[in-house]
Amino acid sequence: MKNHIIVATLAFTLLLSCNSDKDLLNQLNNYNIEMESQGYHFGDAIQLPKEVMKEAQSISISFGDKETSKLVIDPQFFTLGDNAVTFNITKKNGEVLHQDATINVFAKQPEQEVKYTIVKEYPHDANNFVQGFQLEGNIIYESVGQLGMSQVMKYTLGTTTPSAATRQPDEIFSEGSTIVGDKVYQLTWQHKKGFIYNKADLALIKEFPYPNIMGEGWGLTYDGKHLIASDGTKNLYFLNPDNPSQMVRYISVAGNTQAYDRLNELEFHNGFIYAAVWQSPMVLKINPNNGEVVARFDFSTIAQKHTKGNDDVLNGIAFKGDNMLITGKNWNTIYEVAVQ
């Protein structure tokens with residue numbers, strides 16, 4: 001009889017412990033769900049429910065191979081946007097509980113909504129599926145996509161006839177491009193490589209593999225020191241132009257209330273990165289130091305003249321002095337806009 005009482009007592013104690021653990025994890029889960037939509041900013045404290053803190057001897061947060069016991073949104077561990085983490089709770093009895101969560105980190109300041117006026121229009125070849133778009137002097141350098149039509153070309157702004165062009169093999173889908181000194185760099189979409197051309201005649205010099213961390217090639221620009229590439233995610237990758245397969249660092253991009261992914265064609269101007277957002281009439285102005293979106297341009301009024309489906313979207317950004325040039329995939333016009 002005594003043994004039966006001991007067994008029953010242990011079973012009851014175990015049941016209470018299991019229920020207690022379940023309640024603890026539910027408290028943590030409810031808190032995480034609430035904060036997922038609200039988000040954090042860098043420097044914010046992670047204020048877990050008092051019920052969780054009361055039972056915990058220690059708490060840590062792990063990020064893959066990294067771990068911290070600081071319950072603070074520290075940029076050493078967190079990036080802007082969504083962060084997949086695991087909470088590790090060591091209870092006072094030595095038991096360890098784990099719970100996965102998503103922690104969203106947003107920029108502290110709201111994005112400025114920038115106004116603009118159209119000051120001039122130029123013709124653009126509507127056959128060009130624009131993937132890269134730069135202006136140097138009065139010459140447009142353009143990367144054109146689509147299988148069987150991919151190429152890099154140059155032409156005088158105000159005309160549509162290329163003065164030089166180099167086609168890619170039919171199986172290549174060209175993506176973003178940028179000018180670096182006397183060369184033009186160009187990405188491919190899914191072939192995990194890029195091309196380097198002589199800027200003068202667009203003769204192919206060599207190929208290069210881009211870093212494995214980039215799932216695909218999308219946009220490309222140059223800040224005077226590094227290539228900056230996008231791959232359709234929230235991330236921008238800074239690459240060594242002398243060895244573009246080497247990633248120097250990366251940033252994740254977010255505004256005050258949301259992360260931005262599908263970052264596409266890129267331009268660097270006066271210390272900021274400008275990014276088109278795929279299938280959107282929006283251009284973002286991004287701080288290259290931390291990925292915060294400081295301003296947005298809404299080009300809906302212009303885009304609705306050209307966008308009739310999923311593909312013919314805004315995707316060309318360049319600068320002509322302080323004015324911005326914008327165009328899109330298969331658009332017949334380049335717009336010069338003055339920023340207000």
Side-chain angles (χ1 to χ4, degrees), residues 128-145 150-155 157 162 164-166 168 172-189 191-211 214 216-232 235-251 253 263-278 283-286 288 314-320 324-329 334:
N128 292 357
F129 193 80
V130 180
Q131 301 289 65
F133 188 73
Q134 300 84 44
L135 178 71
E136 187 177 85
N138 203 36
I139 303 298
I140 293 286
Y141 293 79
E142 189 168 316
S143 175
V144 177
S150 288
Q151 58 186 306
V152 61
M153 64 174 62
K154 58 189 289 190
Y155 55 90
L157 180 63
T166 299
Q168 278 79 56
I172 294 294
F173 196 119
S174 293
E175 285 284 344
S177 61
T178 194
I179 299 167
V180 180
D182 61 356
K183 299 178 178 64
V184 175
Y185 288 63
Q186 182 188 42
L187 295 178
T188 62
W189 180 28
H191 277 74
K192 302 291 288 186
K193 68 179 180 180
F195 303 107
I196 302 177
Y197 305 90
N198 177 33
K199 186 176 70 175
D201 58 5
L202 299 182
L204 179 63
I205 299 173
K206 62 179 179 180
E207 301 180 2
F208 63 88
Y210 54 76
M214 292 173 54
E216 298 175 343
W218 283 45
L220 191 66
T221 190
Y222 179 61
D223 66 0
K225 185 177 181 180
H226 299 115
L227 296 168
I228 305 172
S230 65
D231 64 350
N235 296 329
L236 296 175
Y237 306 91
F238 291 70
L239 312 180
N240 179 357
D242 296 325
N243 179 13
S245 62
Q246 178 188 8
M247 185 187 74
V248 178
R249 67 183 180 97
Y250 78 95
I251 57 174
V253 175
L263 303 176
N264 206 353
E265 211 267 330
L266 304 174
E267 181 73 11
F268 188 87
H269 179 69
N270 284 351
F272 290 93
I273 302 166
Y274 292 78
V277 180
W278 184 52
V283 171
L284 307 177
K285 182 180 180 180
I286 302 164
L314 185 152
N315 200 43
I317 312 165
F319 277 86
K320 186 174 183 284
M324 184 187 292
L325 298 180
I326 63 163
T327 190
K329 302 171 187 283
I334 298 169

Least distance between heavy atoms, [X] atom then [Y] atom:
X      : Y      : value
Leu239 : Pro244 : CD1-O, 3.5 Å
Leu263 : Ser230 : O-OG, 3.1 Å
Ala229 : Leu266 : C-CD1, 4.0 Å
Ser245 : Pro209 : CB-O, 3.0 Å
Leu202 : Val152 : CD1-O, 3.7 Å
Thr166 : Ala203 : OG1-N, 4.3 Å

* Asked: Between Tyr274 and Phe319, is the gap from one ring center to the other below 6.0 Å?
  -> yes
Could you walk me through whether Phe195 and Ile172 pass the side chain to side chain contact (heavy atoms under 4.5 Å, CB included) check? CA-CA 11 Å; Phe195 303 107; Ile172 294 294; 4.2 Å; yes
Between [X] and [Y], is there a donor-acceptor pair closer than 3.5 Å when you use the side chain of the first and the backbone of the second?
X      : Y      : result
Lys193 : Thr188 : no
Tyr197 : Lys199 : no
Lys225 : Pro241 : no
Glu265 : Ile317 : yes
Lys329 : Gly145 : no
Tyr237 : Met214 : no
Asn128 : Val130 : no
Ser143 : Glu175 : yes
Thr221 : Phe268 : yes

State the [atom1]-[atom2] distance between [X] and [Y], to the nearest 0.5 angstrom.
X      : Y      : atom1 : atom2 : value
Leu220 : Asn264 : CG    : CG    : 11.5 Å
Asn240 : His226 : CG    : NE2   : 6.5 Å
Asn138 : Lys320 : CG    : NZ    : 7.0 Å
Gln186 : Phe208 : CD    : CZ    : 9.0 Å
Ile179 : Glu136 : CD1   : CD    : 4.5 Å
Phe133 : Ile334 : CZ    : CD1   : 4.0 Å

Item to complete: Start with the C-alpha distance between Asn198 and Asp201, add both sets of side-chain angles, then the distance that settles side chain to side chain donor-acceptor pair (under 3.5 Å), and finish with yes or no.
Response: CA-CA 6 Å; Asn198 177 33; Asp201 58 5; 2.8 Å; yes
Just so I know, are the side chains of [X] and [Y] near enough to count as touching, which here means a heavy-atom distance under 4.5 Å?
X      : Y      : answer
Phe238 : Met247 : no
Ile273 : Val253 : no
Phe173 : Gln131 : yes

- Task: Quick one: do Asn315 and Phe129 satisfy side chain to side chain contact (heavy atoms under 4.5 Å, CB included)? Show the steps, please.
- Result: CA-CA 9 Å; Asn315 200 43; Phe129 193 80; over 6 Å; no
Q: Anything under 30° is parallel, anything over 60° is perpendicular, the rest tilted; go ahead and classify Trp218 against Trp278.
A: perpendicular
The side-chain contact (heavy atoms from CB on, under 4.5 Å) partner of Ser174 among Gln151, His191, Gln168 is Gln168
